[in-house]
Every structure is written in C-alpha cells, then in structure tokens.
Amino acid sequence: MNERKLQELRPRKTFAQHWLKSEKALNEIIRAAQLKLGDRILEIGPGTGILTRRLLPEVQSLLAVEIDRDLCDKLAKEIGREQKFLLLQGDFLSLDLPSLLAQFPTFQKPHKVVANIPYNITGPILEKLLGTIANPNPEPYDLLVLLLQKEVAERLVAKPGSRTFGALSVRVQYLANCELICTVPAGAFYPPPKVDSAVVRLIPYQIEPPALDTRKLDTLVKLGFSAKRKMLRNNLLSVVERDRLTQLLEKLDINPQSRAEDLSVAQWVTLANLLL
Ligand code: SAH
C-alpha cells in the first residue's frame with residue numbers, strides 16, 4: 001500500500017493504529033513464525049490486513065480479532081470470503097475466544113499467534129495469551145510472534161543482571177522462552193509511533209522445576225522488585241527475616257547483597273520453593 005492510500009485510512013489514536021509498511025519487517029515476522037501449511041493462526045489487530053494477507057496463503061486457518069468496525073467491514077469485503085479466514089469484531093481483551101469459536105464448529109482453535117499488536121494494551125494482551133505465574137494459560141499456544149514496543153521487547157528478553165531485567169522479565173520468562181528477532185524503526189509505520197519497535201518470538205514452556213506455590217512466587221517477585229535499587233533482603237523483609245534470607249541466599253550460592261534483577265528465573269523459583 002502506498003503512503004497516500006495509508007493516509008486515507010485515517011489511523012485512530014484511541015486504537016493505537018500504526019500501519020506497518022516495511023516489507024523487511026513483514027518478512028522478519030513471517031520468517032520468525034516458522035509457518036507450516038497446517039498452522040492455525042490467531043492475529044490480534046489485523047488493521048488494514050497487510051500482515052493478514054501475507055499469512056493467509058501459508059496456513060490452514062487464520063482467526064483475526066479487530067476492534068475497529070470500519071476496518072472490519074473493509075477487511076470482510078476484501079478477504080472475508082476466504083474459507084480459511086475468520087474475522088471477529090471486538091475487543092480482544094474481553095472476548096471469550098473458546099465460547100465464540102464454539103459457534104464455528106468447522107474452525108479449529110488457533111495454536112500460534114502472529115500479530116502487530118496495539119501497544120497501549122501490550123501488558124494485558126501478554127497476560128491473556130500466556131496467563132500469569134499463578135494462573136498460566138492451561139492451553140498454551142505453541143508459538144507467539146509479536147511486534148511490540150522495543151522497550152518492552154528488551155525487558156522480555158533481558159538476561160538476569162542486566163538493567164532491563166525486571167518483574168516483567170521474570171513473569172514472562174517463567175512462562176515462555178523469549179527471543180528477540182529484530183528491531184523495527186518507527187519509520188516502518190504510518191504514522192510513525194513515538195517509540196521504536198521490535199519483533200519477539202515467545203515459545204511457552206513448562207519451567208523445570210516449577211514453583212510449588214505459584215502465588216508465593218508471584219508475591220516474592222512483586223516485593224523483590226518493588227524498590228529497585230534496594231537489596232533483595234530489604235525488599236523482602238515483610239515475608240522473610242533478614243538472617244533467614246541471607247542464609248538461604250548463601251545456600252543457593254547467591255550473593256546476599258544481591259538485588260532483585262540479579263536472580264535468574266530458576267533462582268527465583270528455588271527461592272520461593274525454599275520459603276514455603
Ligand atoms: N496489523 C496491522 C495494524 C496494527 S495497529 C498492521 O501491522 O498494519 C494495531 C491494530 O490493533 C489496529 O488495527 C487496531 O484497531 C487494533 N486494536 C486496537 N485495540 C484492539 C483491541 N482491544 N482488540 C482488537 N484489536 C485492537
């Protein structure tokens with residue numbers, strides 16, 4: 001689509017609409033999705049359908065959820081007749097996908113997610129797709145390829161000990177293996193967002209060993225990261241005595257002066273399990 005056509009589509013700010021126009025970024029997304037002809041894809045926010053059109057010929061089925069009625073009408077006219085395409089109009093966050101899909105018995109549940117998501121609801125979308133530490137999605141997707149804000153992407157793929165490793169890193173990495181595919185400059189979109197973007201690939205997994213009490217782990221992570229510059233043993237005072245924590249950390253071969261961002265996800269789990 002050329003720039004003028006994109007402008008005619010008058011992007012809506014409230015829906016965080018930024019149309020991807022970079023062939024390079026599209027190619028990266030498609031490659032990262034490792035598509036097979038049997039794949040059943042979920043796309044959130046198809047917008048003008050630029051990614052949708054790339055995905056369709058390569059997969060068995062594609063379910064797209066778009067909140068904007070006008071865009072839905074347009075997409076339905078353009079590609080709505082494709083048998084393997086199902087377009088649902090609504091807010092992805094409040095849709096009950098399983099019960100909606102029950103109305104389309106020939107349409108199988110998607111097992112991969114490929115999407116350029118609306119950045120204003122990135123956190124809630126991640127939570128809906130992956131679940132939470134205490135409440136993981138019981139039917140996890142096999143793979144998710146998402147185009148999102150670069151700063152969020154960096155937190156998702158951050159390694160322990162780095163400045164960007166935070167509560168979000170632990171929460172998501174507990175549920176999925178996270179990989180940075182590429183960064184995408186703001187100029188790759190019309191209109192350009194205020195921030196740069198990045199493509200990430202998340203592969204949900206069952207962490208080993210799992211947390212025995214996931215709620216406990218959730219609370220620990222929340223408290224641990226609550227005051228960033230403080231040592232872990234100070235942030236966790238309300239759940240464990242200083243001396244006991246020092247002992248536990250030494251037992252785990254972790255420096256007792258560590259801060260929350262120094263512990264790996266596995267270490268967080270071990271610590272939570274020892275604190276039961
Ligand atoms: N995939 C398109 C558009 C990305 S912009 C492209 O790459 O060009 C984000 C899209 O998400 C917009 O189409 C917007 O209308 C849609 N959107 C925003 N909030 C949504 C929600 N809650 N549920 C579903 N779609 C939403």
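The model shown is predicted, which means the values in this text are computed figures rather than measured ones. Start at 1 and go down the list; that is how both ligands and their atoms are numbered.
- Applying the side-chain contact (heavy atoms from CB on, under 4.5 Å) test between Val200 and each of Leu148, Val145, Leu147 identifies Leu148 as the sole match.
- Of the protein's heavy atoms, Pro118 CG, 3.5 Å lies nearest to atom 19 (N) of ligand 1.
- Using a 4.0 Å heavy-atom cutoff, Leu93 is absent from the residues neighbouring ligand 1.
- Nearest to atom 7 (O) of ligand 1 among the protein's heavy atoms is Asn116 ND2, 2.6 Å.
- Heavy-atom contacts of Gly90 reach the following atoms of ligand 1: 23 (N), 24 (C) (cutoff under 4.0 Å).
- Within the listing of ligand 1, atoms 4 (C), 5 (S), 8 (O) sit less than 4.0 angstrom from a heavy atom of His18.
- One finds a salt bridge joining Glu78 and Arg53 here, because a Lys/Arg side-chain nitrogen approaches an Asp/Glu carboxylate oxygen to under 4.0 Å.
- Contacts between Ile50 and ligand 1, counted as non-hydrogen atom pairs separated by less than 4.0 Å, involve the side chain only.
- In the displayed structure, Lys84 atom NZ is contacted under 6.0 Å by more than 12 heavy atoms of other residues, nucleotides or ligands.
- The ligand atoms of ligand 1 that sit less than 4.0 angstrom from a heavy atom of Gln17 are 5 (S), 12 (C), 14 (C), 15 (O).
- Remark: minimum distance from atom 8 (O) of ligand 1 to any protein heavy atom is reached at Leu20 N, 2.9 Å.
- Taking the ring centre of Tyr119 as origin, the terminal cationic atom of Lys194 falls outside the region bounded by 6.0 Å and 45° from the ring axis.
- Protein heavy atom in closest approach to atom 11 (O) of ligand 1: Gly45 CA, 3.2 Å.
- Between Phe92 and ligand 1, an N or O atom pair is found at a separation short of 3.5 Å.
- Atom-to-atom distance recorded for Glu127:CD and Asn137:CG is 11.5 Å, nearest 0.5 angstrom.
- Among protein heavy atoms, the minimum distance from atom 26 (C) of ligand 1 is reached at Ile67 CG2, 3.5 Å.
- Remark: Lys159 NZ is loosely packed, at most 12 non-hydrogen atoms of other residues, nucleotides or ligands lying under 6.0 Å away.
- Under a 4.0 Å N-O distance rule, the pair Lys112/Asp39 qualifies as a salt bridge.
- Considering only non-hydrogen protein atoms, atom 2 (C) of ligand 1 sits nearest to Pro46 O, 3.4 Å.
- Of all atoms in ligand 1, listed by their number and element, those nearer than 4.0 Å to a heavy atom of Asp91 are 21 (C), 22 (N), 23 (N).
- Close approach to Val65 involves these atoms of ligand 1, each under 4.0 Å from a residue heavy atom: 24 (C), 25 (N).
- The number of heavy-atom neighbours closer than 6.0 Å to CD of Glu139, taken from other residues, nucleotides and ligands shown, is 12 or below.
- Ranking protein heavy atoms by distance to atom 18 (C) of ligand 1, first place goes to Phe15 O, 3.2 Å.
- The pair Arg54-Glu23 meets the salt-bridge criterion, since a charged nitrogen lies less than 4.0 angstrom from a carboxylate oxygen.
- Heavy atoms from other residues, nucleotides or ligands lying under 6.0 Å from CG of Asp253 number 12 at most.
- Annotation for ligand 1: atoms under 4.0 Å from non-hydrogen atoms of Ala16 are 5 (S), 9 (C).
- The shortest N/O to N/O separation between Glu66 and ligand 1 falls below 3.5 Å.
- In the model, Asn234 has a side-chain atom that pairs as donor or acceptor with a side-chain atom of Arg242 under 3.5 Å.
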